Amino acid sequence: MNNFEFKNPTKIIFGKDSIKKLENEIPENAKVLLLYGGGSIKKNGIYDQVQAALENFSVIEFGGIPANPEYSVLLEALEVIKTENITYLLAVGGGSVIDGTKFLAAAALYEGHSPWDILVDKKRTEVGLPFGTVLTLPATGSEMNSGAVITRKETKEKLGMGGPGLFPQFSILDPQVITSIPERQIANGVTDAFMHVLEQYMTYPDGALLQDRFAESILQTLIEVAPRILEDPTDYKAASNFMWSCTMALNGLIQKGVPTDWAIHAIGHELTALFGIDHARTLAIIAPSHYKYNFESKKEKLAQYAERVWNITEGNTDDKAYAAIEKTVDFLHGLGINTKLSEYTNDYEGTAETISKRFTDRGMLGLGEHHDLSPDKVAKIVKMAY
Ligand code: NZQ
Ligand code: ZN
């Protein structure tokens with residue numbers, strides 16, 4: 001096991017009707033900016049619950065943060081923060097609203113030339129404006145981590161940022177929010193969380209027994225509950241397991257002390273930036289090709305996943321490893337998620353070269369757990385995914 005440090009300061013408030021506990025978490029004299037997305041919270045009652053809990057606070061609102069939080073929209077919110085002397089941010093939404101809020105938490109205190117530099121120059125945010133979240137869509141884990149991904153349509157870029165100053169102070173997780181989520185987004189949530197675990201697990205055996213079993217148990221839980229939530233989002237038992245699994249998949253715990261990959265996400269972000277494909281679906285497009293292309297270096301772990309998660313006991317290591325890739329693809333198809341780029345766009349020719357060039361230009365020359373996935377190899381993986 002590798003050496004590691006682990007600190008996660010986010011307070012989780014989990015359970016039925018927990019949104020009202022908001023009032024205990026925000027500092028008394030705070031001037032709050034309530035941030036939300038395209039308006040789903042106004043239809044499903046979450047907005048009313050938040051309003052009721054914020055009754056005794058001074059609150060200004062900023063709605064309209066789109067899925068794949070857009071830089072130009074966030075700049076408008078930044079203006080509000082500055083002119084209104086906002087002291088506390090409250091994100092009510094999924095990964096996009098929470099990530100947008102993290103960007104604002106960083107940008108509000110950033111003293112450099114342009115806030116875009118935070119993303120381009122990979123500036124770590126040590127201290128940000130304090131913020132909390134009310135999670136409305138289990139998927140990204142953003143509610144309990146310090147990362148964010150921001151989109152800039154103008155340049156078709158989608159870049160990551162983060163730092164210890166960007167953990168939410170608290171996150172409220174009421175699994176009842178799931179009842180209003182469209183099926184497509186539930187499938188996305190399961191897929192994203194599943195892929196988060198795989199990115200931190202599907203590398204090479206490293207003797208980290210506990211981390212492996214944490215990862216496998218999250219995968220098994222997602223496999224067990226996914227059909228139940230898709231069938232009946234009011235199934236509270238399934239919803240609560242789904243929600244907690246998504247948070248645990250990317251709150252830092254399972255990646256401590258082990259090698260991690262994250263190449264699927266790096267490539268996937270480019271597909272969202274270029275074609276607007278939902279984040280989770282880009283991962284489903286890239287993962288099968290990535291595992292086939294890197295089969296030799298990943299097959300031990302693929303076979304372990306086959307045995308422990310999919311109960312595949314027949315055959316040798318290679319057989320099991322291949323079967324695991326097939327099982328994963330079947331699982332994704334069962335969620336209604338397509339796994340080929342050509343199923344999302346007719347305009348895919350040249351994508352491999354475009355992404356490969358972008359990685360070269362950005363100096364992303366060695367992705368993956370071995371840091372050996374060069375841009376030309378990335379191009380091959382993307383082509384396999386057409
Ligand atoms: O905008 P509204 O009206 O709220 O509607 C949203 C949006 O259209 C809707 N929705 C959310 N909660 C709902 C609901 N509809 C009905 N009922 C509810 N309770 O769902 C749509 C998608 O929302 P979004 O926030 O975009 O989805 P998700 O949570 O999947 O977030 C995706 C974003 O997170 C980033 C992705 O790249 C993408 O930009 N990620 C963030 C990560 C992180 N910070 O750790 C890690 C991930 O790998 C990912 O990259
Ligand atoms: Zn993801």
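Remember, it's a predicted structure, so these values are computed and weren't measured experimentally. What you see below is based on every heavy atom in this structure, not just the backbone, and it leaves out hydrogens, waters and symmetry mates. Indexing begins at 1, ligand by ligand and atom by atom, following the structure's order. In this chain, residues are counted from 1 in sequence order.
Within the 4.0 angstrom cut-off, atom 21 (C) of ligand 1 has one or more protein heavy-atom neighbours. Less than 4.0 angstrom separates atom 29 (O) of ligand 1 from at least one non-hydrogen atom of the protein.
E157 has no carboxylate O lying under 4.0 Å from a charged side-chain N of R152, or vice versa, which leaves the two without a salt bridge. Using a 4.0 Å cut-off between a side-chain N of Lys or Arg and a carboxylate O of Asp or Glu, R124 and E126 qualify as a salt bridge. With respect to the salt-bridge test (charged N to carboxylate O, under 4.0 angstrom), the residues K298 and E369 qualify. Salt bridge present: K299 and D318 bring a charged side-chain N and a carboxylate O closer than 4.0 Å. A salt bridge between E70 and K153 is absent, with no side-chain N of the basic residue lying under 4.0 Å from a carboxylate O of the acidic one. For R228 and D232, the salt-bridge test fails: no basic side-chain N is under 4.0 Å from an acidic carboxylate O. With respect to K320 and E307, a salt bridge is recorded, a charged nitrogen being found less than 4.0 Å from a carboxylate O.
Looking at heavy atoms from C-beta onward, T191 lies in side-chain contact with L332 at the 4.5 angstrom threshold. When side chains are defined from C-beta on, L90 counts as touching L54, because their heavy atoms get closer than 4.5 Å. Contact annotation: the side chain of S297 approaches that of H370 to within less than 4.5 Å [non-hydrogen atoms, C-beta and beyond]. Annotation: side chain of D192 is in contact with side chain of H265 (closest heavy-atom distance under 4.5 Å). Side-chain contact between L274 and T351: present, with at least one pair of heavy atoms (C-beta onward) separated by less than 4.5 Å. Residues Q169 and Y88 form a side-chain contact, since some pair of their non-hydrogen atoms from C-beta on lies under 4.5 Å apart.
When only non-hydrogen protein atoms are considered, atom 8 (O) of ligand 1 lies nearest to Q185 NE2, 4.6 Å. Atom 23 (O) of ligand 1 has as its closest protein heavy atom L137 CD2, 3.5 Å. When hydrogens are left out, the protein atom nearest atom 44 (N) of ligand 1 is D99 OD1, 2.8 Å; that is the closest non-hydrogen contact. With respect to atom 12 (N) of ligand 1, the closest heavy atom belonging to the protein is T136 OG1, 2.8 Å. Ranking the protein heavy atoms by distance from atom 49 (C) of ligand 1 puts H279 NE2, 3.3 Å first. Residue, atom and distance of the protein heavy atom nearest to atom 26 (O) of ligand 1 are S96 OG, 2.5 Å. In terms of protein heavy atoms, atom 39 (O) of ligand 1 is closest to K158 NZ, 2.9 Å. Atom 17 (N) of ligand 1 has its closest protein heavy atom at S180 OG, 2.8 Å.
Residue G39 places at least one N or O, backbone or side chain, under 3.5 Å from an N or O of ligand 1. Considering backbone and side-chain atoms together, G38 places an N or O closer than 3.5 Å to an N or O of ligand 1. An N or O contact shorter than 3.5 Å is missing between I65 and ligand 1 by distance. Not a single N or O atom of K102, backbone or side chain, sits closer than 3.5 Å to an N or O atom of ligand 1. At under 3.5 Å, a nitrogen or oxygen of G147, whether backbone or side chain, sits near a nitrogen or oxygen of ligand 1.
The ligand atoms of ligand 1 that sit less than 4.0 angstrom from a heavy atom of H265 are 48 (O). In the vicinity of A67, heavy-atom distances shorter than 4.0 Å reach the ligand 1 atoms 26 (O). Within ligand 1, the atoms closer than 4.0 Å to a non-hydrogen atom of V177 are 19 (N), numbered from 1 in the order shown. Within ligand 1, the atoms closer than 4.0 Å to a non-hydrogen atom of P69 are 39 (O), numbered from 1 in the order shown. If you number the atoms of ligand 1 from 1 as listed, the ones under 4.0 Å from a heavy atom of N68 come out as 38 (C), 39 (O).
Taking the six-membered ring for Trp and thresholds of 30 and 60 degrees, H196 and W262 have ring planes inclined between 30 and 60 degrees apart.
Y204 forms part of no hydrophobic cluster, judged by ILVMFWY side-chain heavy-atom separations under 4.5 Å.
If you look at I98 next to ligand 1, there are no close heavy atoms at all, none under 4.0 Å. When heavy-atom distances to ligand 1 are checked against a 4.0 Å cut-off, T151 has no atom that comes that close, whether in backbone or side chain. Contact annotation: for P66 versus ligand 1, there are no heavy atoms closer than 4.0 Å. With a 4.0 Å cut-off on non-hydrogen atoms, N145 touches ligand 1 through its side chain and not its backbone. Of the heavy atoms in A280, none comes closer than 4.0 Å to ligand 1. If you look at N44 next to ligand 1, the close heavy atoms, those under 4.0 Å, all belong to the side chain. Of all the heavy atoms of K43, none lies under 4.0 Å from any atom of ligand 1, so neither backbone nor side chain is involved.
Taking the centre and axis of the six-membered ring of F170, the NZ or CZ atom of K11 falls outside the cone set by 45° and 6.0 Å.
When hydrophobic clusters are built by joining Ile, Leu, Val, Met, Phe, Trp and Tyr residues whose side-chain heavy atoms come closer than 4.5 Å, directly or via intermediates, L135 is grouped together with L22.
Not close to ligand 1: G268, with no non-hydrogen atom less than 4.0 angstrom away. Contact analysis puts D192 in contact with ligand 1, with a non-hydrogen atom separation below 4.0 angstrom. At least one heavy atom of H269 sits less than 4.0 Å from an atom of ligand 1.
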Give the C-alpha distance, both sets of side-chain angles, the deciding distance and a yes or no for side-chain contact (heavy atoms from CB on, under 4.5 Å) between M144 and I12. CA-CA 8 Å; M144 200 181 177; I12 295 294; 3.7 Å; yes
The test is side-chain contact (heavy atoms from CB on, under 4.5 Å); show your working for Y71 and F103 and say whether it passes. CA-CA 9 Å; Y71 180 64; F103 168 78; 3.5 Å; yes
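Here 4 is the count of protein N, O or S atoms positioned under 2.8 Å from the Zn ion (ligand 2), waters not counted.
For atom 42 (C) of ligand 1, the choice among T140, I181, I178 with the nearest heavy atom turns out to be T140. Among S40, G37, G64, A193, the residue whose heavy atom lies closest to atom 10 (N) of ligand 1 is S40.
In this structure, Y348 OH and T354 OG1 are separated by 14.5 Å, a value rounded to the nearest 0.5 Å.
Ring centers of F62 and Y36: at least 6.0 Å apart, outside the cut-off.
Looking at S171 and T10, their side chains never bring a donor and an acceptor atom within 3.5 Å of each other.
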